[in-house]
Q: 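Handing you this structure, nothing more for now.
Here is the naming used below: chain letters follow the sequence lines, and residue numbers restart at 1 for every chain. Values below: every heavy atom of this structure, side chains too, minus hydrogens, waters and symmetry copies.
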Protein chains: 2
Amino acid sequence: MLKHSKQRDAIEQFLATRYDHPTAETVYMNLREEYPKLSLATVYRNLSLLAELGNIQKIPTGNGPDRFDGRPEPHNHFLCDECGSMIDLQMNSIDHVDEIAAQTFDGVIKGHSILFYGICLECLKKEKEQK
Amino acid sequence: MLKHSKQRDAIEQFLATRYDHPTAETVYMNLREEYPKLSLATVYRNLSLLAELGNIQKIPTGNGPDRFDGRPEPHNHFLCDECGSMIDLQMNSIDHVDEIAAQTFDGVIKGHSILFYGICLECLKKEKEQK
DNA sequence: CTTATTGCAAAAGGTTTGCAACCGA
DNA sequence: TCGGTTGCAAACCTTTTGCAATAAG
């Protein structure tokens, strides 16, 4: 059970080419060119499925739509308050937070997600230019 | 500008008595008893305002409604995959993650939010009992 | 008296779902 | 053929918004 689907392949492949953590809508818009009949529902369904399978990551932002990351390996993210851009932060040394958490908690910690927020380089530059 | 409001006080007060990170809906349901004419919109408006003022914390979960925490001091949270309960995790030693992140990132990091996920103690017990 | 706040209802935004048609194994 | 997958539209859930009425300072 779980048949092949061109749409699913295309979605996974598209995410593999993007480093900006697109939304479902963005995936949809881009793939429409190649698959004019593609439906947004199909995009959502496959993004959820791919995330469950562990092939991609779904990253909730707290405001605005979820973002999707073609790289399934654990890593952290930075979200710019101002322009909404999301950036990968590779921080190997940070996995120990699960251990620290485990010391104060008796349940099972499967993992964590850290979302850093602030102002990205581009927005900083723009602010300086305006002065 | 910023007048006093009984509703806002009640919402902040209610949160101060709860350690289970209620949703806006839960706040609403509970305060209806004392304020029968209270509107859900008022609850949302005040929760947002209180969070902006830094009096409470708003915690997005990624699935389901946002949760609210009457304790504004920085701390982390654990969300149970199975029953949806949310627990505070006090981990003073964890603030250095911002520093670590700053080493790999040129923008401004204002803060972070860590959401741990897994299975809580209660759900673990239930699972064991079923076997 | 002025204006922040409220309640109500309607709208918005993002995501999910029902269903018949379609496609892959 | 069987059943997973699609497209479409409608439904859903959470949150926000417009507006006239109310209440705080």
Q: Identify, with sequence neighbours excluded, every residue that meets side chain to side chain contact (heavy atoms under 4.5 Å, CB included) alongside Ser48(A).
A: none
Q: Which ones in residues 33-49 of chain B lie close to DNA chain C, meaning a heavy atom under 4.0 Å from one of its atoms?
A: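 Under 4.0 Å from DNA chain C: Lys37(B), Leu38(B), Ser39(B), Ala41(B), Thr42(B), Arg45(B), Asn46(B).
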Q: Could you tell me the boundaries of the chain A footprint on DNA chain C, defined by atoms under 4.0 Å from its heavy atoms?
A: dG14(C) to dA25(C)
Q: Working to the nearest 0.5 Å, report the span between CG of Asp20(B) and CG of Leu15(B).
A: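 So the CG of Asp20(B) and the CG of Leu15(B) are separated by 9.5 Å.
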Q: Taking only heavy atoms on the protein side, list every residue of residues 57-72 of chain B lying under 4.0 Å from any atom of DNA chain C, sorted numerically.
A: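 By residue number: none to list.
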Q: In residues 6-29 of chain B, what residues come within less than 4.0 Å of DNA chain C, judged by heavy atoms?
A: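 Nucleic-acid contacts, sorted: Gln7(B), Arg8(B).
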Q: Taking only residues two or more places apart in sequence, or in another chain, which ones meet Ala101(B) in a side chain to side chain contact (heavy atoms under 4.5 Å, CB included)?
A: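 Only Leu89(A), Met91(A), Phe116(A), Ile109(B) meet the side chain to side chain contact (heavy atoms under 4.5 Å, CB included) criterion with Ala101(B).
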Q: I'd like to check the side chain to side chain contact (heavy atoms under 4.5 Å, CB included) partners of Asp66(A); sequence neighbours left out, ordered by chain and number.
A: Lys58(A), Pro60(A), Phe68(A)
Q: Could you work out, with ring-ring contact (aromatic ring centres under 6.0 Å, His included) as the rule, every residue matching Tyr44(A), not counting sequence neighbours?
A: none
Q: What closest approach, in Å, do Gly54(A) and Pro72(A) show between heavy atoms, and which atom pair accounts for it?
A: O-CB, 3.1 Å
Q: Using modelled atom types and a 3.5 Å cut-off, is there a donor and acceptor pairing between side-chain atoms of Arg67(A) and backbone atoms of Ser85(A)?
A: no
Q: Quick check: is Phe78(A) connected to Leu124(A) through a chain of hydrophobic side chains (ILVMFWY, heavy atoms under 4.5 Å apart)?
A: no
Q: Pair Arg45(B), Leu49(B) - check side chain to side chain contact (heavy atoms under 4.5 Å, CB included), show working.
A: CA-CA 6 Å; Arg45(B) 274 188 288 239; Leu49(B) 181 53; over 6 Å; no
Q: Looking only at side-chain N and O atoms, does Asn55(B) offer a donor or acceptor that is under 3.5 Å from a partner on Glu12(B)?
A: yes
Q: Please output the side-chain donor-acceptor pairs of residues 32-40 of chain A that fall under 3.5 Å, not counting sequence neighbours, one pair per line with the distance.
A:
residue	atom	partner	partner atom	Å
Arg32(A)	NH1	Tyr28(A)	OH	3.1
Arg32(A)	NH2	Pro36(A)	O	3.3
Ser39(A)	OG	Ala41(A)	N	3.0

Q: Side-chain heavy atoms under 4.5 angstrom apart, residues restricted to Ile, Leu, Val, Met, Phe, Trp, Tyr: same cluster for Tyr117(A) and Ile119(A)?
A: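 They do not share one cluster, since no chain of ILVMFWY contacts under 4.5 Å joins Tyr117(A) to Ile119(A).
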Q: Which residues in residues 79-86 of chain B have a heavy atom closer than 4.0 Å to any atom of DNA chain C?
A: none
Q: How would you list, by chain and number, every residue that makes a side chain to side chain contact (heavy atoms under 4.5 Å, CB included) with Asn63(A), sequence neighbours excluded?
A: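 With neighbours one apart ignored, the set is Thr61(A).
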Q: For His77(B) and His21(B), take the angle between the two ring planes, folded into 0 to 90°, and tell me which bin it lands in: parallel under 30, tilted 30 to 60, perpendicular over 60.
A: perpendicular
Q: Around atom CD of Glu73(A), are there more than 12 heavy atoms from other residues, nucleotides or ligands closer than 6.0 Å?
A: yes
Q: I need the Asp69(A) CG to Tyr19(A) OH distance, nearest 0.5 Å.
A: 10.0 Å
Q: Taking Arg8(B) for the side chain and Leu50(B) for the main chain, is one N or O donor matched with an acceptor at less than 3.5 Å?
A: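 Between the backbone of Leu50(B) and the side chain of Arg8(B) there is no qualifying donor-acceptor contact (under 3.5 Å).
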Q: Once you build an axis from the first five pairs and another from the last five of the helix from dC1(C)-dG25(D) to dA25(C)-dT1(D), how far apart in angle are they, to 10 degrees?
A: 40°
